[in-house]
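No hydrogens, no waters, no symmetry mates; every other heavy atom, side chains included, goes into these values.
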Amino acid sequence: MNEIFRGKAWSFGFRSAIMIYFLCLIVLPIVGIYTQSFSLGWTPFWESVSDPLAWKAVLLTLKLALIATVLNMLIGTMIGWVLIRYRFPGRSILNSLVDLPFALPTAVGGLLILLLLGPNSLIGMLAGKIGIEIVFHEPAIVIAMLFVTFPFVIRAIQPLLEELDRSEEEAAYTLGASKAKTFFSVIFPTMLPGILSGAMLAFSRGLAEFGAVVLVAGNIPGKTLVASVFIFGEIESNNPQGAAAVSVMLLTLSFLILWLVNQLQARRSTP
Amino acid sequence: MRRLWIILTYVIFTLLLIVPLVKIFTGAWEEGIDGFWDALSRPQSIHALMMTGIIVVLVTIINTLFGVMLALYLVRAQWLGPRLKRLLNSIVDLPFAVSPVIGGLMIVLILGPSTVIGALFADMGVNIVYALPGMILATLFVTFPIMVREVMPVLQEIGAQQEEAASTLGAYSWYTFWKVTWPSIRWGVIYGVVLTVARSMGEFGAVLVVSGNIMNKTQTATTLVYQDVENFNVVAANGIALVLAAVSVGLLLLMEWSKKRREVH
């Protein structure tokens with residue numbers, strides 16, 4: 001058995017099988033969607049993309065994902081800091097809970113937002129009385145994105161904070177820098193690459209999110225219809241070419257973000 | 001100041017994570033245990049949970065095997081040039097950037113009933129789209145990077161010396177893998193398996209597009225939750241959601257456990 005396994009032919013076959021599987025599963029579909037969106041030529045592609053409902057959906061997604069990402073950067077930086085630096089009762093439980101949005105199905109997340117903030121809930125009714133609509137409107141979409149992307153920034157800055165040399169911080173402090181100054185000139189620069197790469201991952205996940213959003217978004221074209229739900233609608237109404245065109249817009253954007261994250265991480269590992 | 005930050009952290013956790021978690025558990029019991037039980041014992045619920053189970057098991061097995069092998073190649077193989085390695089390495093991440101709905105759409109576009117390949121398979125009597133194979137493919141696509149990303153850093157960290165030593169001393173490659181490589185990547189793989197299970201159980205967008213969400217045929221637990229909500233049957237949706245959430249919490253505990261073990265080794 002081992003003799004056979006060491007044979008050249010065997011190992012060549014094995015290698016090829018793994019590589020072909022990899023290329024068929026990942027590369028083929030992505031190439032497929034780009035060719036499909038141009039399958040009828042440039043004009044239909046342009047028509048699908050320039051359809052006001054389509055680009056409004058993409059713009060809305062960009063705007064809401066950006067809001068969710070900024071909120072996430074603030075919350076995530078604070079929580080990452082608190083969980084690493086402070087010792088207080090319940091710290092390790094909270095630290096484990098951070099990953100909950102990764103473990104919980106996104107559709108369940110959407111359902112929960114619907115239950116907690118929907119028109120029949122206490123908060124939904126209170127907000128409705130003062131004229132704020134949450135569910136089926138923009139706030140619910142931002143909350144859904146925030147929930148789903150919650151762990152990214154925290155998990156990206158924690159290892160950086162753990163590595164940070166305490167003596168640098170103490171040196172700055174004993175040399176007479178104020179606490180705030182120490183934070184902004186020593187600690188913050190260390191955290192920054194983590195905050196940025198975490199934020200970009202969160203942004204790209206926010207753009208892509210579907211499960212949590214579809215249940216709470218209301219999906220009114222041009223107003224609360226985000227890109228992924230728009231694509232789903234196009235598929236349902238049997239317009240694969242239109243769906244592919246909008247997908248290509250969204251995909252190109254996400255790939256660009258992913259590439260930026262990789263650049264950022266590559267720069268960090270080879271200073 | 002410090003107390004303020006800790007309190008603020010607790011407030012955010014409570015609002016964003018703890019309240020929702022409690023809500024699932026109370027929501028499912030709103031109509032008593034009977035309501036919960038009725039929701040779960042519907043034939044479509046049992047079928048949907050079974051479908052999810054089948055997908056999770058198959059996807060996890062396939063992804064683990066191929067993911068570990070690919071990670072080994074991408075780190076160790078000498079027959080891949082460094083430039084090609086870097087290219088393949090960045091391709092691995094692509095599914096993370098693809099919206100699940102788009103992932104599903106890709107499979108429909110390539111393997112759907114109106115395409116060449118789809119028609120070929122249909123002639124042989126195998127339906128891919130709107131059937132189980134397509135759903136498995138969609139989930140495989142979405143979860144593919146997880147295992148590779150968990151195993152690669154460990155392999156890079158341990159370096160190739162031990163393996164080289166073992167193979168110059170005459171150990172066969174399979175033997176080298178089990179005796180030298182496996183013990184050091186074990187906890188990374190286990191962590192990857194837990195993440196893959198969580199992700200494939202929770203996959204919704206890609207599966208919804210590929211499956212067509214046909215009740216008692218291609219419906220999974222998450223797409224059933226979606227359908228129940230659309231039909232305003234919130235208590236039933238809650239019942240299924242509770243089962244999924246309970247599994248998620250279990251997985252979260254496993255994640256913590258394997259993360260701790262991984263740090264020890």
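- In this structure, Ala243(A) and Ile235(A) approach most closely via the heavy-atom pair CB-CG1, 3.8 Å.
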Problem set entry | Step-by-step side-chain hydrogen bond (donor to acceptor under 3.5 Å, both in side chains) determination, Asn63(B) to Thr196(B) | CA-CA 8 Å; Asn63(B) 257 342; Thr196(B) 310; 5.2 Å; no
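- Contact of Phe144(B) with chain A is made through the side chain alone, with heavy-atom distances under 4.5 Å.
- Scanning both residues, Ile33(A) and Ser247(A), for their nearest heavy atoms gives CD1-CB, 3.9 Å.
- Heavy-atom minimum distance, Val210(B) versus Ala138(B): CG2-CB, 3.9 Å.
- When Leu258(A), Val108(A), Leu94(A) are compared by the number of non-hydrogen pairs under 4.5 Å with chain B, Leu94(A) comes out ahead.
- For chain A, the option among Ile102(B), Leu21(B), Leu109(B) with the highest count of heavy-atom pairs below 4.5 Å is Ile102(B).
- Among all heavy-atom pairs drawn from Phe13(B) and Leu83(A), the shortest one is CZ-CD1, 4.3 Å.
- No other option in Asp228(B), Thr223(B), Leu252(B) has as many heavy-atom pairs under 4.5 Å with chain A as Leu252(B).
- Judged by distance alone, the side chain of Glu209(A) and the main-chain N or O of Gly211(A) form a donor-acceptor pair under 3.5 Å.
- Using a 4.5 Å cut-off between heavy atoms, Phe88(A) touches chain B through its side chain atoms alone.
- If you measure heavy-atom distances from Leu88(B) to chain A, the contacts under 4.5 Å come from both the backbone and the side chain.
- Shown here for Ile107(B) and Leu137(B), the closest heavy-atom pair between the two residues is CD1-C, 3.7 Å.
- Contact count versus chain B (heavy atoms, under 4.5 Å) is highest, among Tyr86(A), Trp81(A), Phe150(A), Phe102(A), for Tyr86(A).
- Interface remark: Asn238(B) contributes backbone and side-chain atoms alike to the contact with chain A (heavy atom separation under 4.5 Å).
- Heavy-atom pairs under 4.5 Å with chain A peak, among Val98(B), Val209(B), Leu111(B), Leu70(B), at Leu70(B).
- Interface remark: Ile12(B) contributes side-chain atoms only to the contact with chain A (heavy atom separation under 4.5 Å).
- Top candidate by heavy-atom pairs under 4.5 Å with chain B, chosen from Gly109(A), Ser204(A), Ala103(A), is Ala103(A).
- Between chain A and the residues Leu17(B), Val225(B), Ile91(B), the largest count of heavy-atom pairs under 4.5 Å involves Leu17(B).
- In terms of heavy-atom pairs under 4.5 Å with chain B, the best-connected choice from Leu201(A), Ile113(A), Leu112(A) is Leu112(A).
- The aromatic rings of Tyr21(A) and Phe66(B) sit parallel, their planes meeting at an angle under 30°, below the 60° perpendicular limit.
- Of the atoms belonging to Leu97(A), heavy atoms from both backbone and side chain fall under 4.5 Å from chain B.
- For a residue to count as touching a neighbouring chain, one of its non-hydrogen atoms must lie under 4.5 Å from one of that chain's; by this rule Ile26(A) touches chain B with backbone and side chain alike.
- When atom types are taken as modelled, the side chain of Thr115(B) and the backbone of Ile110(B) share a donor-acceptor pair closer than 3.5 angstrom.
- By the 6.0 Å contact criterion, CD1 on Ile93(A) is open, its count of non-hydrogen atoms from other residues, nucleotides or ligands being 12 or less.
- Taking the six-membered ring for Trp and thresholds of 30 and 60 degrees, Phe255(A) and Tyr34(A) have nearly parallel ring planes, at less than 30 degrees apart.
- When heavy atoms are compared at a cutoff of 4.5 Å, Ile18(B) approaches chain A solely by way of its side chain, counted from C-beta outward.
- Judged purely by atom type and a 3.5 angstrom limit, Asn72(A) uses its side chain to pair as donor or acceptor with the backbone of Thr149(A).
- Per-residue heavy-atom pair counts under 4.5 Å with chain A were compared for Leu195(B), Leu208(B), Val19(B), and the maximum is reached by Leu208(B).
- Annotation: maximal heavy-atom pairing with chain B below 4.5 Å, among Val214(A), Ile257(A), Leu207(A), Leu250(A), occurs at Val214(A).
- Proximity to chain A (any heavy atom under 4.5 Å) is restricted, for Val234(B), to the side chain, taken from C-beta onward.
- In terms of heavy-atom pairs under 4.5 angstrom with chain B, the leader among Pro105(A), Pro101(A), Ala227(A) is Pro105(A).
- If you measure heavy-atom distances from Val194(B) to chain A, you find no contacts under 4.5 Å at all.
- For the options Trp5(B), Tyr10(B), Tyr226(B), Phe96(B), heavy-atom pairs under 4.5 Å to chain A are most numerous at Tyr10(B).
- For a residue to count as touching a neighbouring chain, one of its non-hydrogen atoms must lie under 4.5 Å from one of that chain's; by this rule Val27(A) touches chain B with the side chain only.
- The two residues Val142(B) and Pro95(B) make their nearest non-hydrogen contact at O-CB, 4.3 Å.
- With hydrogens and angles ignored, the 3.5 Å screen pairs a side-chain donor or acceptor of Thr52(B) with a backbone N or O of Ala221(B).
- Contact of Arg85(A) with chain B is not made at all, since no heavy-atom distance falls under 4.5 Å.
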